Structures are given as structure tokens and as C-alpha cells.
Number of protein chains: 2
Amino acid sequence: MSLKHGLLGLLNYGDMTGYELDKAFKVSLNFFWQAQTSQIYRELNAMEKQAWLISQIIPQTGKPNRKLYKITDLGRAELKKWLSKKDLEEDLNVKNVFLMKMFFSAEVNVSETIDTLKRYKAQCLGDLQAMSQTGSVISDYGQNLENKKSMVYWASTATFGVYYLNMCVKWAEDTIKTLEEIS
Amino acid sequence: MSLKHGLLGLLNYGDMTGYELDKAFKVSLNFFWQAQTSQIYRELNAMEKQAWLISQIIPQTGKPNRKLYKITDLGRAELKKWLSKKDLEEDLNVKNVFLMKMFFSAEVNVSETIDTLKRYKAQCLGDLQAMSQTGSVISDYGQNLENKKSMVYWASTATFGVYYLNMCVKWAEDTIKTLEEIS
DNA sequence: TGGGTCATGTAACCTGTTACATGATTAG
DNA sequence: CTAATCATGTAACAGGTTACATGACCCA
């Protein structure tokens, strides 16, 4: 149940509409969690029923009305409970379709797999490039927060991203080399 | 739709029952994909309806009968189609609850987060220890295959695991250091 | 005049999780 | 005597994906 908690975390920074949450999600949490717009709206509904949020309609003219969500004390309590949960094990599970394909790649030509790995590497390098700008994005956003401490944690997840992508590039290069030797 | 394809991939090595697939899954694909036993049985049913598999009941006495699955030509075609799909982007998406919690950790005490990171590191080191034995496991299993090439790919995914866990350990250490400085 | 942004969703479907059920055999 | 192993699942629910719908406004 992490999408709900991600949304709680974002709403804890300030009130937002579903539309704004969707965008905020995509610029911040997207590296380690992906969510569809439609799912966000559905989860917000469910969370309001659970009284983790309350909403307020803000009329607009010419545009659809905005439905602004605010986190409740119950929601904040839930967020903290989730953050403080001691049991790590489930949180470490990772699903990686790319690796699953690699596992079974004896079924396709070596040259095709090498090609896939090269595209993989290129993609990782592109993502790294994009990530090199997160530093300034973080300090831009961080200015609006009362709790400046957040920036340290945001930066640490960005660092994870950089370490991860560099590791993937190295692994791809090593694997390509191994495959070129046997082909 | 990766569980189905993982099961196809395993059945491509040889006929198995749901029970055996469950165990095979947990010793091979578990690092990058996790599946519940009940889900495996359900997916096998669905796959048989799609004619990717056929099954055969093998009566036993004293034990429940075995339901042995065999991949069909249609199933093999589907496996290859999935493996050859050129579009990488979706395959690179990764969901990581641990990082999402880290992102919002300004809400909990720094000391608590440092403690969590230490347990994270310990867990990674434990997993690394466990992974150091995969080399021999791979060559044991590989002996039974006609297609020995598989071992190279299995080994490459295991290498990814080792690189990944080492990277996580380094990141945890760096992050602990950063947090200790600000606290 | 065509595409992007703003802003809301619903419906159908697929996939993943949790809890439960059965019952004999075997190893410690 | 107890726990694990063998071997099958079903039911209910939660979460994720895909496709579709509406409609004004703004910019090139």
C-alpha cells in the first residue's frame, strides 16, 4: 500500500488537487514508484472515505472546478506509522522485468541480446543525464518548505538513483563484454 | 504480464507441476520477481485456457495427484515474442518502497532513520552472503540442460544482484555518514 | 486549426496479496 | 508428538493498467 502513503507524504507538504499530486508524483517519486493518473484519483477517493484526507471544492470559471485535498491528523498518524514500521524485509523486494528477460535470454540470439544491452546502457546514461539536474530542482522546491531537513532525504534518494544507474551501466558493459567473448 | 512469462520460461526447461514451479521460482527468479503460490496456480489455469500449456494428471497414492504442465508451441512462441520485444522503457521501471520511505523521512527522528539504514545495510550484507553461493547452484542446475548457454545469462543476473547489493551497502554507508553529520 | 494544458473522472479488466482449507507421509 | 513436506487449490479483496470521456482556454 505505497501509493496511498506516497500521496499522504506529498499532501503533508501542502494541500493539493489530484491533478497537482499527479504532477508532483511524476517529478519526485517517479524514480522509485510509478502511478497512473486514474489510479491517483481512485486512491484519493478511498483515502477520503478512510478520513485520511478531507476535500474542498474550489469553483472556477472556464475550467473544471478544483478539488483540493488536505491531510487530516488521522492521515498524518498513518503516514508516521508507515514510516516507522520496523520490518524492512518486504520493502526490499524489487521487481525487475528487464532482468527476468535476461535470465531467459538463451532463447534469443546472442547478437540480439547484445543489442538490447546496448540500448539498455544508452537509456541508463540518458536517465543519468536527466538526474544530474535534480540537485537544483531539490533546492528550488526545498525553499518552500518549513522543514528544510527534507532536502537531505530527497538528495539521498537522488544519490541512490545516480549510484544505481552508474552500476547498471557498468553491469551492462561487463555483460556485453562477456557475451562478445562467447559469440 | 511477467509472472506468466516467467512460468513459461521455466517450463521451457522442462515439464513441471505448480508445486515444483513455485519452488523453482523461489530459487531462481525470486531476486527480481516475487510471486505467491496461490497466484502461480491461478496463472497456470489461465495459461492453459490460452493454450500456452497443456496439463496431465499423474495419480499418486498417499499424496495429492500431481498436475504436470508442459509448454506448447504456442506458449514457446509467446515466450520468444516477449523476449524479443524491442521497447525497453517499461521494463526499466522499478518500484522501491524503501526509497519512498527515505524520501519522506524528515517526518521521523534522524536517529531512527540512521538505525533503519543500519538494518538495511545488514540485510544487504546478509543477502550478499547468500548470493555468494549462487555460482555453484547455477552450475549444478546447468548440468541438466541441453542449452548450456543459459548458464551465462543466469550468471549475469546473479552478477547484477551482487553489484546491486554492494551499491546499496555503499549508499547506506554514505547516507548514514551524512545523517550523522547533521544530527 | 491543431495540439497542449487544465481538471475531473468512470469502467473494465488484470495482477497481486492474504487468509483459509485439506490430509497423508516423513523426519527429528 | 510436532513440524515440515508434498500437493492441490478457492475466495475475497486490494492495487495497477488501459481505454475512454468531457470541454474550455491558449499558443504557434
Side-chain angles (χ1 to χ4, degrees), chain A residues 1-8 15-27 29-30 32-50 52-53 55-69 78 82 87 89-91 93-97 100, chain B residues 1-8 15-27 29-30 32-50 52 55-69 82 87 89-91 93-97 100:
Chain A
M1 237 216 289
S2 291
L3 173 55
K4 284 190 174 105
H5 292 94
L7 295 169
L8 282 177
D15 302 350
M16 274 183 271
T17 66
Y19 188 78
E20 288 163 342
L21 280 163
D22 188 40
K23 283 189 300 173
F25 213 95
K26 282 172 179 50
V27 297
L29 310 181
N30 207 241
F32 39 87
W33 203 268
Q34 304 81 43
Q36 268 56 51
T37 307
S38 60
Q39 198 192 353
I40 289 175
Y41 282 109
R42 189 180 50 183
E43 296 301 313
L44 287 170
N45 254 292
M47 288 158 81
E48 192 170 11
K49 271 186 198 133
Q50 282 171 91
W52 293 356
L53 310 176
S55 70
Q56 187 194 157
I57 305 280
I58 299 179
Q60 295 193 123
T61 47
K63 290 177 196 170
N65 294 337
R66 303 172 74 229
K67 192 169 174 185
L68 192 69
Y69 287 96
E78 175 60 34
W82 176 73
D87 184 20
E89 311 225 17
E90 312 152 49
D91 296 358
N93 286 342
V94 157
K95 293 191 178 180
N96 186 327
V97 180
M100 188 145 128
Chain B
M1 236 213 290
S2 291
L3 173 54
K4 283 189 174 105
H5 293 93
L7 294 170
L8 281 177
D15 303 350
M16 274 183 271
T17 66
Y19 189 78
E20 288 163 342
L21 280 162
D22 187 40
K23 283 188 302 174
F25 212 96
K26 282 171 178 52
V27 298
L29 310 180
N30 207 241
F32 39 87
W33 201 269
Q34 304 80 43
Q36 268 56 50
T37 307
S38 60
Q39 198 192 353
I40 290 174
Y41 282 108
R42 189 179 52 183
E43 296 301 313
L44 287 170
N45 254 294
M47 289 159 80
E48 192 170 12
K49 270 186 198 133
Q50 280 170 93
W52 294 356
S55 69
Q56 186 196 156
I57 305 279
I58 299 180
Q60 295 194 123
T61 46
K63 292 176 193 171
N65 293 337
R66 303 173 74 229
K67 192 170 175 185
L68 193 69
Y69 287 95
W82 176 74
D87 183 21
E89 312 226 15
E90 313 152 45
D91 295 357
N93 286 342
V94 156
K95 294 191 177 179
N96 186 328
V97 180
M100 187 146 129

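In what follows, every chain begins at residue 1, and chains take the letters A, B, ... in the order their sequences are listed. Keep in mind that this is a model prediction, so the values were computed, not measured.
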Taking all heavy atoms of B:Ala35 and all of B:Phe25, pick out the closest pair and write down the distance. CB-CE2, 4.1 Å
Between B:Ser55 and B:Glu48 the two heavy atoms that sit nearest each other are OG-OE2, 2.8 Å
Pick the closest DNA chain D nucleotide for A:Ser2 and for B:Leu68 by heavy atoms, then say which residue is nearer the 5' end. B:Leu68
Measure the distance from NZ on A:Lys4 to C1' on D:dA14 and round it to the nearest whole Å. 7 Å
Using five base pairs at each end, measure the axis-to-axis angle across the helix from C:dT1-D:dA28 to C:dG28-D:dC1 and round it to 10 degrees. 50°
For the pair made of CD in B:Glu20 and P in D:dG9, what is the distance, rounded to whole Å? 13 Å
For the pair made of CG in B:Leu3 and C1' in C:dT15, what is the distance, rounded to whole Å? 9 Å
From CD of B:Gln56 across to P of D:dT8 the rounded distance in Å is 13 Å
Quick one: on DNA chain D, does B:Asn45 or B:Lys23 contact a more 5' nucleotide (nearest heavy atom)? B:Lys23
Nucleotide C:dG23, atom C1' - distance to CG of B:Asn65 in whole Å: 13 Å
Sequence neighbours excluded, which residues qualify as side chain to side chain donor-acceptor pair (under 3.5 Å) partners of A:Glu90? A:Lys85
All side chain to side chain donor-acceptor pair (under 3.5 Å) counterparts of A:Lys67, not counting sequence neighbours: none
Any heavy-atom pair between the side chains of A:Tyr69 and A:Met47 that's under 4.5 Å? no
Could you list the protein-to-nucleotides 17-19 of chain D atom pairs, N/O on both sides, closer than 3.5 Å?
{"residue": "D:dT17", "atom": "OP2", "partner": "A:Gln36", "partner atom": "OE1", "Å": "2.5"}
{"residue": "D:dT18", "atom": "O4", "partner": "A:Ser38", "partner atom": "OG", "Å": "2.7"}

OP1 or OP2 of D:dT8 versus the side-chain N and O atoms of B:Tyr41: is any pair under 4.0 Å? yes
For C:dG9 and A:Lys67 - does any side-chain N or O of the residue sit under 4.0 Å from the phosphate oxygens OP1/OP2? yes
Once side chain to side chain donor-acceptor pair (under 3.5 Å) is applied, do any residues pair with B:Asp22, and if so which ones, sequence neighbours excluded? B:Lys26, B:Thr37
For B:Asn65, all residues meeting side chain to side chain donor-acceptor pair (under 3.5 Å), sequence neighbours excluded: none
When the distance from CG of A:Leu7 to C1' of D:dG16 is rounded to whole Å, what number comes out? 13 Å
Nearest-Å distance, NZ (A:Lys26) to C1' (C:dT5)? 15 Å
Distance from B:Thr17 atom OG1 to B:Tyr41 atom OH, nearest 0.5 Å? 6.0 Å
Could you give the CZ-to-C1' distance, from B:Arg66 to D:dC6, as a whole number of Å? 10 Å
Give me the atom names and distance for the closest heavy-atom approach of B:Trp82 to B:Ser2. CZ2-OG, 4.1 Å
From the candidates C:dA7, D:dC6, D:dG16, the one with an atom nearest any side-chain atom of B:Lys63 is D:dC6
